[in-house]
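Notes follow once the structure below has been shown.
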Amino acid sequence: MTNSSCGGAELELCRDESAALVLKFVAIASILLSGMAGIAIPLIGKHRRFLRTDGNLFVAAKAFAAGVILATGFVHMLSDATKALRHPCLPAFPWSKFPFTGFFAMLAALLTLLLDFVGTQYYERKQGMNRAPSEEPVRVGSSEPGGNGKVFGEEESGGMHIVGMHAHAAHHRHNHPHGNDACHGIGNIKEQVHAHSHSHSHSHGHSHSHIEDGEDTDVRHVVVSQVLELGIVSHSVIIGLSLGVSQSPCTIRPLIAALSFHQFFEGFALGGCISQAQFKASSATIMACFFALTTPLGVGIGMAISSGYNPYSPGALIAEGILDSLSSGILVYMALVDLIAADFLSKRMSCNFRLQILSYCMLFLGAGLMSSLAIWA
């Protein structure tokens, strides 16, 4: 369809190609710097006391970033996808006869769960093969004395624990005392292992559990960081492309502020996951650069094709709507399950009331501020 019959008036609104071109270069610089700063802070500052990934300040900042990502998925991506797939330029059948936005978002969330599980299983098996035989944990179905005979996924010290379930299980594991006593000794692994060494079999059954807890957590962070980057990158290309093809300064100006804010805190959340996963410096650098460059690259591509690109063509609207829906499902899943549930259901959070209050306030603040940006962008 032509611009005159589909969105032509909107295309001409506040149109100024020369001013838009200048703003696009400003947008590339601003978004690039924001993304680099956001992802670099947790990576570079992990050796600093106030920015360590096990510090309360980092947990609170990560909760704020999780709120930003959650609002991005629910408020921005879903809304944009709905507008695209229900646009009058698309035929009524089938796009107005079925809620494709929610369907694709649900499908993306379920596929992310599958990828989450398969990725965790792969890295745990790889880690198990690299572990020395003397350090190898009790395998599935083994009948070692003191074992409880539980199947894979139910073992006290091994098995697969996906995200929030893993955090919830870790909260109850080894909590023989109750009440305030259950919170004593957090982080003092040696004392906890010594306390469980009542007999050889009991000690053997528990001496590896904390070590494997740490290994399982590292595996989770590896998978979370990679899946989260996949979700962020997939929608970063779309929003960069949308800004790049626009010729309206009225549209671009608020997008610069919104995307810079959004890119900074998405980068912070991703950088925190990468830092906690303990990647090699080269791998962490590649992931950081890939994230930081994606949106500016999308803007550049949009600028290159803007002369012959019609954002109101059926093909463009369908592609934008489907990709926005898929990105929304990925981001909502990652925010709720791998970022919020993993931290808010942890033993550390439940044993620190001040940290709970601070984290919840930061979570709602991040979600609220990102949602409010929808007024302008």
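Nothing fancy with the numbering, it's 1 onward along the sequence.
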According to side-chain contact (heavy atoms from CB on, under 4.5 Å), who are the partners of Leu115, at least two apart in sequence or on a separate chain? Val227, Leu230

Partners passing side-chain contact (heavy atoms from CB on, under 4.5 Å) against Arg125 (at least two apart in sequence or in another chain): Gln121

Kindly state each residue pair satisfying salt bridge (Lys or Arg N to Asp or Glu O under 4.0 Å) with at least one member in residues 230-243, sequence neighbours excluded. none

Which residues satisfy the side-chain contact (heavy atoms from CB on, under 4.5 Å) test with Leu297, sequence neighbours excluded? Ile301

According to salt bridge (Lys or Arg N to Asp or Glu O under 4.0 Å), does anything in residues 320-332 pair up with another residue at least two apart or in another chain? List the pairs. none

For the backbone of Met370 and the side chain of His76, can you confirm whether one donor and one acceptor N or O come within less than 3.5 Å of each other? yes

Taking side-chain contact (heavy atoms from CB on, under 4.5 Å) as the definition, give me every residue that meets it alongside Lys280, ordered by chain and number, with sequence neighbours left out. Ser282, Ser283

When Leu228, Ile286, Ile232 are each screened for side chain to side chain contact (heavy atoms under 4.5 Å, CB included) with Phe291, the one that passes is Ile232

By the side-chain hydrogen bond (donor to acceptor under 3.5 Å, both in side chains) test, which pairs, at least two apart or in different chains, include something from residues 19-36? Ser30-Ser260

Could you identify which residues cluster with Ile357, counting Ile, Leu, Val, Met, Phe, Trp and Tyr as linked when any side-chain heavy atoms lie under 4.5 Å apart, either directly or through a chain of such contacts? Phe353

Mind jotting down which residue pairs meet the side-chain hydrogen bond (donor to acceptor under 3.5 Å, both in side chains) criterion with at least one end in residues 353-368? Sequence neighbours excluded, please. none

Does CZ in Phe98 sit with more than 12 non-hydrogen atoms of other residues, nucleotides or ligands closer than 6.0 Å? yes

Sequence neighbours left out, what pairs pass side-chain hydrogen bond (donor to acceptor under 3.5 Å, both in side chains) with at least one residue falling in residues 58-71? Lys62-Gln276

Do the rings of Phe104 and Phe100 sit parallel, tilted or perpendicular, given the 30° and 60° boundaries? parallel

Which pairs with one or both residues in residues 244-266 pass ring-ring contact (aromatic ring centres under 6.0 Å, His included), sequence neighbours excluded? Phe64-Phe265, His235-His262, Phe261-Phe265

The complete set of salt bridge (Lys or Arg N to Asp or Glu O under 4.0 Å) pairs with one or both residues in residues 263-278, sequence neighbours excluded, reads none

Consider only side-chain heavy atoms of I, L, V, M, F, W and Y, link residues closer than 4.5 Å, and tell whether Val233 and Met36 are in one cluster. no

